[in-house]
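Quick note: numbers below take in every heavy atom, side chains included, and nothing from hydrogens, waters or symmetry partners. Start at 1 and go down the list; that is how both ligands and their atoms are numbered. Throughout, numbering of the chain's residues begins at 1 and tracks the sequence.
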Amino acid sequence: MREQSPPLTGVHRTRGPAETEALAARLAASLEPGDVVLISGELGAGKTTFVRGACRALGVTGRVTSPTFTIGRRYEGRVPVSHLDLYRLGDLAGEDPALLADYLGPDRIAFVEWPELAEGFVGADGGRLVARVRLAHAGGDARELTIAPATH
Ligand code: ADP
Ligand code: MG
């Protein structure tokens with residue numbers, strides 16, 4: 001079994017996107033298939049930048065950009081990786097809940113932007129919530145990132 005908390009738990013400050021990507025890469029190194037990381041923070045805080053850094057570290061080589069016309073993207077890194085952005089989930093409220101199931105599972109690592117729009121959706125078969133990351137503007141290109149272990 002893994003340690004109870006992910007490494008890097010606590011508050012971090014980055015001075016630019018490259019540092020945010022590097023921090024994400026360090027977190028990614030501790031992840032296993034089935035793990036889900038929730039990433040919150042206002043628009044422009046750096047959520048997608050964080051996911052990009054994590055994806056690179058997991059061997060994803062293609063473009064990593066915010067999903068726009070869909071709630072998520074799936075990438076093939078060294079393990080399958082999902083990137084969900086639930087910002088538009090309000091629009092999708094009438095849709096099939098199985099929509100999320102396509103992106104979560106025991107074989108994939110998943111990163112979820114705007115998780116507050118779907119609290120509780122990570123069910124027993126959907127993956128294992130391992131960390132919550134919150135990004136906040138801290139003046140100019142500085143960002144404060146708070147990494148907390150996630151328990152159901
Ligand atoms: P979000 O997904 O939260 O809306 P993005 O990652 O798409 O945010 O955009 C963040 C923007 O802020 C990018 O243009 C990025 O280059 C810029 N940026 C500046 N400083 C930082 C930083 N320290 N960490 C992350 N992004 C930063
Ligand atoms: Mg984004």
Can you pull out the closest protein heavy atom to [atom]? Residue, atom name and distance to 0.1 Å, please.
{"atom": "atom 25 (C) of ligand 1", "value": "Thr20 OG1, 3.5 Å"}
{"atom": "atom 8 (O) of ligand 1", "value": "Gly46 N, 3.1 Å"}
{"atom": "atom 4 (O) of ligand 1", "value": "Gly44 N, 2.8 Å"}
{"atom": "atom 12 (O) of ligand 1", "value": "Arg143 NH2, 3.1 Å"}

Which distance, rounded to the nearest 0.5 Å, do you find between the [atom1] of [X] and the [atom2] of [Y]?
{"X": "Leu8", "Y": "Arg26", "atom1": "CG", "atom2": "CZ", "value": "4.5 Å"}
{"X": "Thr49", "Y": "Leu23", "atom1": "OG1", "atom2": "CG", "value": "12.5 Å"}
{"X": "Leu135", "Y": "Ser40", "atom1": "CG", "atom2": "OG", "value": "7.5 Å"}

Practice task
Answer with yes or no whether Glu42 contacts ligand 1, where contact means a heavy atom under 4.0 Å from a ligand atom.
Solution key: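 It does, in that a heavy atom of Glu42 comes within the 4.0 Å cut-off of ligand 1.
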Numbered atoms and elements of ligand 1 in range of [X], under 4.0 angstrom, heavy atoms:
{"X": "Thr48", "answer": "1 (P), 2 (O), 6 (O), 7 (O)"}
{"X": "Glu113", "answer": "2 (O)"}
{"X": "Ala45", "answer": "3 (O), 8 (O)"}
{"X": "Leu43", "answer": "4 (O)"}

Could you say whether the N/O atoms of [X] and ligand 1 ever approach to under 3.5 Å?
{"X": "Gly41", "result": "no"}
{"X": "Thr49", "result": "yes"}
{"X": "Arg15", "result": "no"}

Handout entry: Apex the Mg ion (ligand 2); atoms Thr48 OG1 and Glu113 OE1; angle rounded to 10 degrees
Key =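 With the Mg ion (ligand 2) as the vertex, the angle is close to 90°.
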Donor-acceptor pair, distance only, cut-off 3.5 Å: does the side chain of [X] make one with the backbone of [Y]?
{"X": "Arg52", "Y": "Thr65", "result": "no"}
{"X": "Arg108", "Y": "Val36", "result": "no"}
{"X": "Arg73", "Y": "Val64", "result": "no"}
{"X": "Thr14", "Y": "Glu19", "result": "no"}
{"X": "Arg132", "Y": "Thr146", "result": "no"}
{"X": "Arg74", "Y": "Asp102", "result": "yes"}
{"X": "Lys47", "Y": "Val112", "result": "no"}
{"X": "Ser66", "Y": "Thr68", "result": "no"}

Practice task
Going by heavy-atom distance to atom 3 (O) of ligand 1, choose the closest among Glu144, Lys47, His137.
Solution key: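 Nearest heavy atom to atom 3 (O) of ligand 1 lies in Lys47.
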Practice task
Between Pro17, Ala138, Ala18, flag the one that comes closest to atom 16 (O) of ligand 1 by a heavy atom.
Solution key: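 That would be Pro17.
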Handout entry: Any protein heavy atom < 4.0 Å from atom 14 (O) of ligand 1
Key =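 Under 4.0 Å from atom 14 (O) of ligand 1, zero protein heavy atoms found.
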Practice task
Please state which part of Asp141 comes within less than 4.0 Å of ligand 1, counting heavy atoms only: side chain, backbone, both or neither.
Solution key: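 Within the 4.0 Å criterion, Asp141 contacts ligand 1 through backbone and side-chain atoms alike.
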Exercise for the section: Record the part of Glu19 in heavy-atom contact with ligand 1 below 4.0 Å; permitted values are side chain, backbone, both and neither. Expected result: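 Looking at Glu19 and ligand 1, no heavy atom falls under 4.0 Å.
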